[in-house]
Chemist: 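Structure provided below as structure tokens; questions to follow.
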Amino acid sequence: EFPVVLGSDLIYYERDAEALVATVLAHLQANPGAEFLLMNRQGRPGLDTVLAALGDAGGTLTTKQFQLVSNWEVTPMILAVFSKKPS
């Protein structure tokens, strides 16, 4: 139904990684050609698990690391884009 699913700070705990990936994959399967975009703080528990599972899911995963700079801090971030070609 939606061509893009955009999420920010979706993973905070390792135990939630499997459910997040299952939800993303179910949406993409039901919506051929859709993309999932995730922006998250680097180093959050579960983030590496989510990225690895998406990378193993048979689609295309690209990531870009960057820094979010404010007057108070510099925050290391990652932008991940995942898509699966329609079968």
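Sequence positions, counted from 1, serve as the residue numbers for this chain. Everything numeric in this text was worked out from a predicted model, so none of it was measured.
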Chemist: Kindly give the heavy-atom pair with the smallest separation between L28 and A34, and that separation in Å.
Modeler: CD2-O, 3.4 Å
Chemist: For T49, what residues pass the side chain to side chain donor-acceptor pair (under 3.5 Å) criterion, not counting sequence neighbours?
Modeler: E14
Chemist: Can you list everything that forms a side chain to side chain donor-acceptor pair (under 3.5 Å) with R44? Sequence neighbours excluded, please.
Modeler: Y12
Chemist: With sequence neighbours excluded, what pairs up with F2 under the side chain to side chain contact (heavy atoms under 4.5 Å, CB included) test?
Modeler: H27
Chemist: For L20, which residues count as a side chain to side chain contact (heavy atoms under 4.5 Å, CB included) partner, sequence neighbours excluded?
Modeler: L10, I11, V24, V50
Chemist: Just list the side-chain donor-acceptor pairs under 3.5 Å for residues 59-79, sequence neighbours left out, or say none.
Modeler:
residue : atom : partner : partner atom : Å
S70     : OG   : W72     : N            : 3.1
S70     : OG   : E73     : N            : 3.2
S70     : OG   : E73     : O            : 3.4

Chemist: Can you name the closest pair of heavy atoms from S83 and E35 and give their distance?
Modeler: CB-CG, 3.8 Å
Chemist: Which pair of non-hydrogen atoms, one from A17 and one from G46, has the smallest distance, and what is that distance?
Modeler: CB-O, 3.9 Å
Chemist: Using side chain to side chain contact (heavy atoms under 4.5 Å, CB included) as the criterion, list what pairs up with A57, not counting sequence neighbours.
Modeler: L25, F82
Chemist: If you count the non-hydrogen atoms of other residues, nucleotides and ligands that lie under 6.0 Å from CD in Q42, is the total more than 12?
Modeler: yes
Chemist: Any chain of hydrophobic side-chain contacts (each under 4.5 Å) joining V5 to V21?
Modeler: yes
Chemist: Among the clusters formed by ILVMFWY side chains lying less than 4.5 Å apart, do V4 and V81 turn up in the same one?
Modeler: yes
